[in-house]
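Heavy-atom basis, side chains included; hydrogens, waters and symmetry copies ignored. In the text below, chain A, chain B and the rest are named by the order of the sequence lines, each starting its count at 1.
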Amino acid sequence: MSGLDGRWTRRWIEAVAAEVARRKLELTALDRAIGDADHGENLDRGFQAVLGRLEALDDDATPGAVLKLVATTLISTVGGAAGPLYGTAFLKGSMAAGDRAELDAAGLVEVLTAARDGIVARGKAEPGDKTMVDAWTPAVDAAAAAGDDVRAALEAAAAAAAEGAAATEPLVAHKGRASYLGERAIGHRDPGSESTSLMLRAAAETR
Amino acid sequence: MSGLDGRWTRRWIEAVAAEVARRKLELTALDRAIGDADHGENLDRGFQAVLGRLEALDDDATPGAVLKLVATTLISTVGGAAGPLYGTAFLKGSMAAGDRAELDAAGLVEVLTAARDGIVARGKAEPGDKTMVDAWTPAVDAAAAAGDDVRAALEAAAAAAAEGAAATEPLVAHKGRASYLGERAIGHRDPGSESTSLMLRAAAETR
Amino acid sequence: MSVGLVIVSHSARIAEGVVELAAQMAPTVTIVAAGGTDDGGIGTSFDRVQAALGEADSGDGVVVLCDLGSAVLTTETAIDFAAEPERIRIADAPIVEGAVAAAVAAEAGGSMDEVVAAAEPVAPEP
Amino acid sequence: MSVGLVIVSHSARIAEGVVELAAQMAPTVTIVAAGGTDDGGIGTSFDRVQAALGEADSGDGVVVLCDLGSAVLTTETAIDFAAEPERIRIADAPIVEGAVAAAVAAEAGGSMDEVVAAAEPVAPEP
Ligand SMILES: Nc1ncnc2c1ncn2[C@@H]1O[C@H](COP(=O)(O)OP(=O)(O)O)[C@@H](O)[C@H]1O
Ligand SMILES: Nc1ncnc2c1ncn2[C@@H]1O[C@H](COP(=O)(O)OP(=O)(O)O)[C@@H](O)[C@H]1O
Ligand SMILES: [Mg+2]
Ligand SMILES: [Mg+2]
Ligand SMILES: [Mg+2]
Ligand SMILES: [Mg+2]
């Protein structure tokens, strides 16, 4: 495969849905420690709805069309902060993808950058605020630095997101529900950074 | 009659209940203009409950015992700010009355002063804040200045309360719901000052 | 006509309760509840918020009161999808106390800006 | 054990909604609703507040969140009638946002003062 086409995008989203379902309790447990114990359920509700709607999509839908369907579905089904945040990310990503049939490494970086910028515009979090931005930002930077190979870019993004998620553990939260906890958030991983890492890991492993 | 005894106190409260029932819609209309349109209903609910409980009271109950029953009944049945405010007023009044069988003019002034101080302690309103305090304060002062005749003291209190209530009309409210209205409260009479005037007028007319 | 209000809460009961409380002092203002998730759980629903924004706008615009951060995020997303986003404002105010103050200002015929301003530094209260 | 919370609102629905919302982030804290009048109308009930104050105190004291001024007056009156008034504090905070912050602090084992402090300058929120 040269670039990432619509079918790849669909396989990726199916893999995300499967992983979210598999790790739902784990994500919710992270959110129980420093939030309201619903992040896994929220995302699972959203991605199960995505699976249902994907079936209605044309087999040859573009990456942008798949991402847009994911966006609108998450926005209207997730029910927590992750809904508007990931919804905006996928929406901005779909706009960056436009009607290209395939994304090469440069296109992927454009999409990831737009997604991250959408999350930041929506949630106003900065790096270090202990949110999903702490996984997205290193992922975008690593993909951009990975060169022309789209698979290398995906792998770099996934690895950087995983590190970014782990690096939220020592932080105090300045956005989201965990900000109520002050110093007591220290030692806990941000659930949204972990779900971001999950999504990008699934992308790196989707063929 | 020399002083105000328990039977007089009971007749007074019955007269208040009758007047509140008769003027319920008027009090509520005042509260509709600058509040939440329930002051008449609130007080009527309270004084109807008082009537029911008065029956169980000994015929020779002291003024203090009657006032205490009014206090606890209003506190638990009025449902608006007037409940804790008048409830506290009657409670402090009953404490000032103690177990005296009759109140002379000096005793009446003690009771009225305690009632007013109770309202101020509870609601933290100052004169001029467009509340019932604007009827109570001139009433207490007038009763204190009226000399040894308890009937003259009652009449002076009633007249001063009526003036005080009317004088709330040009004011901006600094306490209670009317404070939300800012300048738009100007031109409207405070409902609680009017119900205070009603109570003291009923006292002056009770034989 | 007057500015309409939308109450976006994580709890359907809070949103409905705020509507009944604020309506007491503002009987002619349109106040619409958008609380809870689509299946009645705790959270926010984009579809409920979007529908409420449409319902509350009778021509003079809409002011929105939100409880927690995710309610703001959902509302902002709905505003992005609105045909006339400039007719909607989110007040930076506590949901219950802000809604009562906003409702009183809307009842008095205040503009969107005046209604937002009334909600924001909550009016002095006893 | 932890500090208990009482939610005094003019609306039974608001009080119950605040309880469900705050409980999400504080599953082990006792949070008791005292909303509406005895006959289910809009207003506050001394008896409901008094009963809730008793129910919420499991030994570490109670912090109360109120909506409008009359709710504060009713609560203060109930405190005057309480056997141990020093075990009850009213937070000067918005009822919904303050309750969530207070509940989180109580869940963490905060003292009455700490719970009040957490509610009062509402914790920074997204
Ligand atoms: N303002 C924000 N900016 C960026 N990310 C945020 C923000 N608020 C919350 N988040 C992310 O959302 C995650 C929580 O999502 P979720 O549990 O679904 O929402 P909720 O907090 O509404 O229950 C957090 O772990 C954090 O990563
Ligand atoms: N803090 C206060 N101090 C003194 N009086 C007050 C205060 N708050 C309200 N009031 C009085 O209470 C009256 C309103 O009573 P009511 O309508 O029964 O209560 P609510 O405002 O709770 O509906 C006002 O007209 C005013 O006189
Ligand atoms: Mg959550
Ligand atoms: Mg949630
Ligand atoms: Mg009233
Ligand atoms: Mg009322």
Side-chain angles (χ1 to χ4, degrees), chain C residues 7-27 31 33-37 39-44 64-77 90-104 119-126, chain D residues 7-27 31 33-37 39-44 64-77 90-104 119-126:
Chain C
I7 312 300
V8 181
S9 172
H10 279 66
S11 154
R13 289 196 279 186
I14 291 178
E16 288 159 15
V18 172
V19 169
E20 68 177 356
L21 181 60
Q24 258 201 320
M25 290 187 71
I31 313 177
T37 59
D39 52 6
I42 301 184
T44 53
V64 186
L65 282 296
C66 299
D67 55 2
L68 309 179
S70 353
V72 176
L73 297 180
T74 300
T75 304
E76 285 175 349
T77 307
I90 302 178
D92 183 13
I95 188 164
V96 177
E97 297 81 357
V100 174
V104 171
E120 286 193 342
V122 177
E125 246 286 299
Chain D
I7 313 300
V8 182
S9 172
H10 280 65
S11 154
R13 289 195 278 185
I14 291 177
E16 288 159 15
V18 173
V19 168
E20 67 178 355
L21 180 60
Q24 257 202 321
M25 288 186 71
I31 314 177
T37 60
D39 52 7
I42 300 184
T44 53
V64 186
L65 281 296
C66 299
D67 54 2
L68 309 178
S70 351
V72 176
L73 297 180
T74 300
T75 304
E76 285 175 351
T77 308
I90 302 178
D92 182 13
I95 188 166
V96 177
E97 296 81 357
V100 173
V104 171
E120 287 192 342
V122 178
E125 245 285 299

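When heavy atoms are compared at a cutoff of 4.5 Å, D:Gln24 approaches chain C solely by way of its side chain, counted from C-beta outward.
Summarising the geometry of C:Glu20 relative to D:Ser11, their closest heavy-atom pair is OE2-OG, 2.8 Å, with the distance given to 0.1 Å. Listed here is the closest heavy atom pair of C:Glu97 and D:Ile95: OE2-N, 2.9 Å.
Of the residues D:Leu65, D:Val96, D:Val18, the one that meets the side chain to side chain contact (heavy atoms under 4.5 Å, CB included) test with C:Val96 is D:Val96.
Atoms CG and CD1, from D:Leu21 and C:Ile14 in turn, are 5.0 Å apart once rounded to the nearest 0.5 Å.
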